[in-house]
Each structure stands twice: as structure tokens, then as C-alpha cells.
Asker: 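Here it is: the structure, laid out below.
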Number of protein chains: 2
Amino acid sequence: MPYPAKTSPEAILGAALELLEQGGEDGLSLRALAGRLGVKAPSLYRHYPDKAALEVALVEHGNRRLGEALVAASREGEPEAALEAAARAYLEFARTHPRLYDLMMDARLSALASRESGKAVWNTVLQRVGALTRDPDDTAAAVALWSFLHGYAGLERSGMFGASGPKGGLEAGLRALAAGFKARAG
Amino acid sequence: MPYPAKTSPEAILGAALELLEQGGEDGLSLRALAGRLGVKAPSLYRHYPDKAALEVALVEHGNRRLGEALVAASREGEPEAALEAAARAYLEFARTHPRLYDLMMDARLSALASRESGKAVWNTVLQRVGALTRDPDDTAAAVALWSFLHGYAGLERSGMFGASGPKGGLEAGLRALAAGFKARAG
DNA sequence: GTCTATATGCGGATAGAC
DNA sequence: GTCTATCCGCATATAGAC
């Protein structure tokens, strides 16, 4: 076998995830990715047509992972407890996979990703919010919660809360939103 | 005068603001900035020691502008109306100066910027929130509101709300947070 | 203070040999 | 399928002439 395959789309995806989590602040680089796989950069083009295609695959993978985490966290009984658990799972995902999360929140990649991959995420948020507002399709409330979580994750990660920390801002926001959502039901 | 000054720190700052607002998606480039001023890139180093110094100046400028906008918008009488007006002014700033806003939310630059420049922003948020919670220094509530606004601005800008739009998510979030904050007071 | 020329580094992507 | 060699573009930043 003169030219055995050293890598594969799956291996590339896995190495890309590692690189995203361990790498510096800049985005993925095909050179660094190839180096991690013991391969030269041009070889990657045999498995993905270009960098964007790899990024789309990463987004779909991240959507599935986040969806699973939210579904698992939503197993709580009380509607408010389930919502808080899902919210904390969302933030935990953003904390542990910050650069993957950034990719997932890139609308251009999101538009190219399969719709199914992101469905579990959105559906879970809708369900948790709907249990409080008694409207199973309360898009407005879900958007509000999403905005809060996305913003909190971003400010936390970029260090904008400073040395003093968020000072209970997460709990205050979740409580206020949950209370406001409950009021919507009545 | 063999080598008259073609530019100045103030002119560079102004051109950088224009470039941030009109430019593409990538960050500032000293080449593009110099081109806009009718100058070559190395000349800029006579006015700012390096790119970071210029960015810090931009952050301070942005902080002052946002602070003024929030103070002006908070002139409403009712606490809730003032909070909503301030929130809308915050989002309007993020919408009209998206890339400057990004710089302002970069913690590394923020840490280098003067504290006074960002004080009006934070103080206004604290005041508007405090009027509802009856706690003049309710950091938790202010962090919650800030997170919501920051997240909403980010999702809106990156197009994550999609063609269907936010569907009243802004109003739902502001109302829920205001209601929750009011409940804190009692 | 501005210029030309250059150093140095990064990135994505392609051609063609094996 | 992988490789070497290369193209092309971008960037920040510096040296030294005028």
C-alpha cells in the first residue's frame, strides 16, 4: 500500500474539535489542524472541499451535542427547575466549548447547517419556556431567554464582568425572567 | 515646509470610526485606514505607537458616546419607561456602531481604557435598574439586564433570529425583567 | 512627518509528482 | 491519498532616505 490513508473526515472533525477547545484565540487553521493529524495541509482537501465545509460539519456536531445536553438537563420535574437546569447546561456548553459555540452562533454557517441538527436545541428551549407561559410555542419568551443566556455567556467569557464577577446576575436574570414568563400565563 | 503634517491623532480616530462603520466584516486594518487618510500605513506610527493604542482610544470614544446616549434616553419620567428608553438606546448604539461595539466589549481593550470613560454607561444602567428594585446599587439586576441586551444585540446582528425575526423577544424580555426587578423591591 | 522598501508572519487554496 | 512547492493575499511593524 504505497499511499495508505492517514486520516478521514471523522478524524479531521475530532481533531478540529480538540484544536478549537485547546487552541489559542484565533480561529481554526488548516495548517495547525493538519499538523495535529500528522499530515500536511493540502491533504485535508481530499476529505473536505474547503474550510467552510469543515466548519459546517463542526456546527452540526455542536448543535447535536448541545441539544442532547439540554434534553438531558430538562429531565427535572418542576417547570422552573427544569428551565434553570437547561439554562445552566446551555452556559456550561458555552463555557467548555467556547470557540465551537462561536462557530454555532455564526449565522452564515448556521444557514448552511442542516435544520435537524439545531432543532433539539430550539425545541427544548421552547418546551421549557412554554411550560411556564402555558403557550407551547411562545417564540417571544424563548427569544428573550436565549438572548439573556447568549449575552451572559459572551460577557462571562470575554471577561467583561471583571474581577468582581457577575455578582449573582445569572440567578437574578433567571429568576426575573421565570417570574415574568409565569405572569404571561395568567 | 518640506514635510507638512497630513494627518493627526484626531483625524486618524475619526477615519477609524468611519472605517469601522462602513468597512467589511474584518477588523480595522492600518493599510485601509491610512488609505482613507491619503497617507501610507507607516505614517500612522508617528501618531499612535501601535494598533492597540488606537483601539484603546476608539473604545474610550465609544464608551463616552454610549454613556451620553444612555443618559439622554433616561430622561423619561416613569422608571419603567426610562429603563426601556435606555435599553432601546443601548441596542440602537450596538446596531449603528456594531464593530465599535465589538471593540468596546473586548475585555483586553476595556482593561486598558480609562475607567471614567465607561463609568457613565454602568452608572446609568445601575440607576435605571435601581429605580425599579429600590436598591441604588443592585449589581445583580444590572448584570442581568446587561446580559440580555448584549445577547439580543449579538443575535440580532449576526442574523441568528433568521428571516422570521425576533418575534417580540425584545419586548417580552424587557417586560419580564422589569416585572422581575419590581418584585425584588417589594 | 512621510515616504519607499522590506522583514516577518499568518492564512486559504492549487498544481502536479508519486 | 499524500506529498512538495508555490501562489496570492492579508496583516503588523521597522529601517532609513528625504
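Source: prediction; values computed, not measured. Numbered from 1 within each chain, the chains take letters A, B, ... in sequence-line order.
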Asker: Using whole Å, report how far CG of B:Leu44 lies from C1' of D:dT12.
Answerer: 11 Å
Asker: I'd like to know if the side chain of A:Tyr90 pairs up with that of A:Tyr101 as donor and acceptor (distance under 3.5 Å, no hydrogens or angles considered).
Answerer: yes
Asker: Nearest to the side chain of A:Ser43 - C:dC3, D:dT2, C:dG1?
Answerer: D:dT2
Asker: Which word best sums up how the rings of A:Tyr152 and A:Phe161 line up, parallel for under 30°, tilted for 30 to 60°, or perpendicular for over 60°?
Answerer: tilted
Asker: Roughly how many Å is it from NZ in B:Lys6 to P in C:dT2, rounded to a whole number?
Answerer: 8 Å
Asker: Which whole-number value in Å describes the distance from A:Tyr48 OH to C:dA13 P?
Answerer: 15 Å
Asker: Between B:Lys51 and D:dT12, is there a contact of a side-chain N or O with OP1 or OP2 at under 4.0 Å?
Answerer: yes
Asker: Closest-nucleotide mapping onto DNA chain D: is B:Arg46 or B:Ala52 further toward the 5' terminus? I mean the 5' end.
Answerer: B:Ala52
Asker: In chain order, what residues pass the side chain to side chain contact (heavy atoms under 4.5 Å, CB included) check against A:Pro42, with sequence neighbours excluded?
Answerer: A:Lys40
Asker: Could you identify which residues of residues 19-42 of chain A place a heavy atom less than 4.0 Å from some atom of DNA chain D, listed by residue number, or say none?
Answerer: A:Val39, A:Lys40, A:Pro42
Asker: Separation of B:Glu10 atom CD from C:dG1 atom P, in whole Å?
Answerer: 12 Å
Asker: Any luck finding a side-chain donor-acceptor pair between A:Arg36 and A:Gln22 under 3.5 Å?
Answerer: yes
Asker: Expressed as a whole number of angstroms, how long is the span from B:Glu55:CD to D:dA11:P?
Answerer: 13 Å
Asker: Dump the intermediate steps for salt bridge (Lys or Arg N to Asp or Glu O under 4.0 Å) on A:Glu80 and A:Lys182, then the final yes or no.
Answerer: CA-CA 9 Å; A:Glu80 287 190 49; A:Lys182 257 187 159 175; 2.6 Å; yes
Asker: Measure from the side-chain heavy atoms of B:Tyr45 and tell me the nearest of C:dT14, D:dT12, D:dT2.
Answerer: D:dT12
Asker: Charged N to carboxylate O under 4.0 angstrom, A:Glu116 versus A:Lys119?
Answerer: no
